[in-house]
Peer 1: 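Take this structure first; my questions come after.
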Amino acid sequence: MRTQRMPVSALAVLTAFTLAACGTESGSGAGSGDSGDSGDGSGTVRTEPAVTGVHWNVSSLTAGGRRTTAPDGAHVEIDSEGKATGSLGCNRFTADVRLDGDKVTVGRSTSTGMACAKEVQQFETAMGKVFHGELTAAVAGEGQAKTLTLTTAQGDSLVLTAEPPAPLTGTVWKVTGLVSGSVASSLPAGTEDKAHLTFGEDGSVEGNLGCNSFHGRATVSGSTLTFGPLASTRKMCPGPEMKLERSLLGVLKGKTSYEIDHRSLSIEAGSGEGLTASAPAAKG
C-alpha cells in the first residue's frame with residue numbers, strides 16, 4: 001500500500017474539535033461567589049461536558065449546506081490530557097488542542113498518509129476545508145444518545161455520536177481483512193460480509209468461514225485465545241470463498257493473541273498470519 005505524508009491541518013482540526021466541547025452557564029450557586037464571578041472577570045461559571053474517555057463516531061459533515069455521511073470507522077477519542085486521536089475511516093491522526101469555554105483552537109497534528117479509496121479521500125479533503133481555526137462545540141443527550149456537534153463560524157459542522165466498546169463474547173465479529181506479518185490486505189473479491197465469528201461465555205466459538213459454517217472451542221486467558229479443533233460443514237464454494245476459508249482456518253488454530261480496540265478485533269496466530277474483524281454499530 002502506497003504511503004505518503006499528508007498535510008496535518010485536516011486531521012488536526014478534527015481531533016481538536018472534539019476536545020473542544022465546552023459550555024458556558026450563568027454563574028450561580030456553589031463555587032460562583034456572591035457576585036457570580038467565576039474568577040476570570042466574565043461573571044460566568046464555565047462547565048465542560050464529559051467529552052473525554054468517550055469514543056466519538058463521526059456521523060456526518062455538513063459544508064455549504066450539503067450533508068455528507070462519514071466513512072465507516074471514522075472516529076475521535078479524547079484523553080484527559082488534551083490529546084485527541086482517531087481515524088477518518090482510512091488515515092489515523094493525533095492532535096493537541098487548546099480549549100477556552102466552548103471554543104476550540106486547533107494545534108498542529110500528525111497523521112498517517114495512506115492512499116485511500118476515492119470517496120474517503122474526498123471526505124478527508126472536505127474535512128480539511130471545513131475544520132480549521134476556531135470552532136464552537138456543543139454536547140447534547142446522554143449515554144449512547146449523546147452527540148457532539150462542532151461548528152465553524154460559517155455554519156459548517158461535524159456531528160459525532162458516542163458509542164460504547166464491544167465485548168469479546170456475545171458479539172458477532174464480521175471478518176474485514178487478513179494480515180500476514182506486517183502486511184494487511186482486504187478480503188478476496190466477492191467474499192465481503194460472508195465470514196464472521198461469535199465467542200460464547202461458555203468457551204464456545206461459532207460462525208462462518210466465508211463458505212462453510214463452523215463451531216468449536218476457544219479458551220480465553222488474558223490476551224490469548226486458544227482454539228481447539230473446529231468442526232465445519234463441507235460445502236464446495238467458488239474459488240475466492242474457499243481461499244478465504246483456508247486463510248481463516250490457518251489463523252483460528254491453537255494459541256493466538258488477540259486485541260480489541262473499541263469495536264475492532266484483531267487475532268494473530270504464532271505464524272504471523274492474522275485477521276481483523278469489526279462489531280456492528282451499537283444500537284441506540
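Heavy-atom basis, side chains included; hydrogens, waters and symmetry copies ignored. Note that the numbering runs from 1 along the sequence shown for the chain.
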Peer 1: For a quick test of reading the model, state the closest non-hydrogen atom pair linking Thr149 to Ser157 and the distance between them.
Peer 2: CG2-CB, 4.3 Å

Peer 1: Let me see the working for Ser257 and Thr224 under side chain to side chain contact (heavy atoms under 4.5 Å, CB included), right down to the final yes or no.
Peer 2: CA-CA 5 Å; Ser257 60; Thr224 299; 5.5 Å; no

Peer 1: Using modelled atom types only, decide if a donor and an acceptor are shared between the side chain of Arg263 and the backbone of Pro280 within a distance under 3.5 Å.
Peer 2: yes

Peer 1: Indicate yes or no for a side-chain donor-acceptor contact from Thr151 to the backbone of Gly155 under 3.5 Å, with no hydrogens or angles considered.
Peer 2: no

Peer 1: Looking at Leu209, Asn208, Leu248, Ile267, which one forms a side chain to side chain contact (heavy atoms under 4.5 Å, CB included) with Leu197?
Peer 2: Ile267

Peer 1: Is there a side-chain contact between Phe227 and Leu249, using heavy atoms and a 4.5 Å cut-off?
Peer 2: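 No. Closest side-chain heavy atoms not under 4.5 Å.
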
Peer 1: Is a side-chain N or O of Thr233 found less than 3.5 angstrom from the main chain of Ser213, in a donor-acceptor match?
Peer 2: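 Yes.
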
Peer 1: Do side-chain atoms of Thr276 reach the backbone of Gly177 as a donor and acceptor pair under 3.5 angstrom?
Peer 2: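 Here the side-chain-to-backbone pair exists.
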
Peer 1: Taking C-beta and beyond as the side chain, do Phe214 and Val205 meet within less than 4.5 Å on heavy atoms?
Peer 2: yes

Peer 1: What's the shortest heavy-atom distance between Leu244 and Leu187, and which atoms?
Peer 2: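 For Leu244 versus Leu187, the nearest heavy atoms are CD1-CD2, 3.8 Å.
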
Peer 1: If you define the side chain from C-beta out and look only at heavy atoms, does anything of Asp193 sit under 4.5 Å from Lys174?
Peer 2: yes

Peer 1: When rounded to the nearest 0.5 angstrom, what distance separates CZ in Arg246 from SG in Cys211?
Peer 2: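 Reported value, rounded in 0.5 Å steps: 10.5 Å.
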
Peer 1: Taking atom NZ as the centre, does Lys146 end up with more than 12 heavy-atom neighbours from other residues, nucleotides or ligands that are less than 6.0 angstrom away?
Peer 2: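 Enclosed: over 12 neighbouring heavy atoms sit under 6.0 Å from NZ of Lys146.
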
Peer 1: Might you work through the side chain to side chain contact (heavy atoms under 4.5 Å, CB included) test for Glu124 and Cys90, ending with a clear yes or no?
Peer 2: CA-CA 9 Å; Glu124 292 191 359; Cys90 179; 4.1 Å; yes

Peer 1: Is the backbone N or O of Glu119 less than 3.5 Å from a side-chain atom of Gln121, with the two atoms forming a donor-acceptor pair by type?
Peer 2: no

Peer 1: How many angstroms lie between atom CG of Leu150 and atom CG of Leu160, to the nearest 0.5 angstrom?
Peer 2: 5.5 Å

Peer 1: Side-chain heavy atoms nearer than 4.5 Å, only ILVMFWY residues, links allowed to pass through others: does that put Leu178 and Val251 together?
Peer 2: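 Per the 4.5 Å side-chain linkage, Leu178 and Val251 are co-clustered.
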
Peer 1: What's the shortest heavy-atom distance between Asn91 and Cys116, and which atoms?
Peer 2: ND2-SG, 3.2 Å

Peer 1: What distance separates Glu201 CD from Thr169 OG1, expressed to the nearest 0.5 Å?
Peer 2: 3.5 Å

Peer 1: For Gly64, is there any backbone N or O sitting under 3.5 Å from a side-chain donor or acceptor partner on Asp156?
Peer 2: yes

Peer 1: State whether a side-chain donor-acceptor pair under 3.5 Å links Ser180 with Glu273.
Peer 2: yes

Peer 1: Using the ring of each side chain (for Trp, its six-membered ring), is His262 parallel, tilted or perpendicular to His55, with breaks at 30° and 60°?
Peer 2: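 It falls in the parallel class, under 30°.
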
Peer 1: Test of understanding: clusters of I, L, V, M, F, W, Y form through side-chain heavy atoms closer than 4.5 Å, transitively. Do Val76 and Val120 belong to the same one?
Peer 2: no

Peer 1: Tell me the closest heavy-atom pair linking Trp173 and Leu168, and the distance in Å.
Peer 2: NE1-O, 3.1 Å

Peer 1: Quick one: closest heavy-atom pair of Gly210 and Ala195, and the distance?
Peer 2: N-CB, 3.8 Å

Peer 1: Quick one: are Phe93 and Thr110 in side-chain contact, heavy atoms under 4.5 Å?
Peer 2: no

Peer 1: So how far is it from Leu275 CG to Glu268 CD, rounded to the nearest 0.5 Å?
Peer 2: 10.0 Å

Peer 1: Atom CD in Glu259, atom OG in Ser266: separation rounded to 0.5 Å?
Peer 2: 5.0 Å

Peer 1: Take Ser204 and Arg217 through the test side chain to side chain contact (heavy atoms under 4.5 Å, CB included) and record every step on the way to the result.
Peer 2: CA-CA 4 Å; Ser204 63; Arg217 305 292 298 176; 4.1 Å; yes

Peer 1: Run Val220 and Phe199 through side chain to side chain contact (heavy atoms under 4.5 Å, CB included) and show every step you take.
Peer 2: CA-CA 10 Å; Val220 182; Phe199 298 92; 5.7 Å; no

Peer 1: Going by atom types only, do Glu241 and Thr191 share a side-chain donor-acceptor pair under 3.5 Å?
Peer 2: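 Note: Glu241 and Thr191 side chains miss the donor-acceptor criterion.
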
Peer 1: When you measure from the side chain of Asn212 to the backbone of Arg234, do you find a donor-acceptor pair of N or O atoms at a distance under 3.5 Å?
Peer 2: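 Here the side-chain-to-backbone pair exists.
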
Peer 1: How long is the span from the CD atom in Glu77 to the CG atom in Asn57, to the nearest 0.5 Å?
Peer 2: 9.5 Å

Peer 1: Spell out, as yes or no, whether a donor-acceptor pair under 3.5 Å connects the side chain of Ser247 to the backbone of Lys243.
Peer 2: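 Pair found, side chain donor or acceptor close to backbone of Lys243.
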
Peer 1: If you define the side chain from C-beta out and look only at heavy atoms, does anything of Leu225 sit under 4.5 Å from Thr219?
Peer 2: no

Peer 1: Which heavy atom in Val58 sits nearest to a heavy atom in Ala70, and how many Å separate them?
Peer 2: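 Where Val58 meets Ala70 most closely, the heavy atoms are O-CB, 3.1 Å.
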
Peer 1: Test your reading of the model: is there a side-chain donor-acceptor pair from Ser60 to the backbone of Thr68, 3.5 Å cut-off?
Peer 2: no

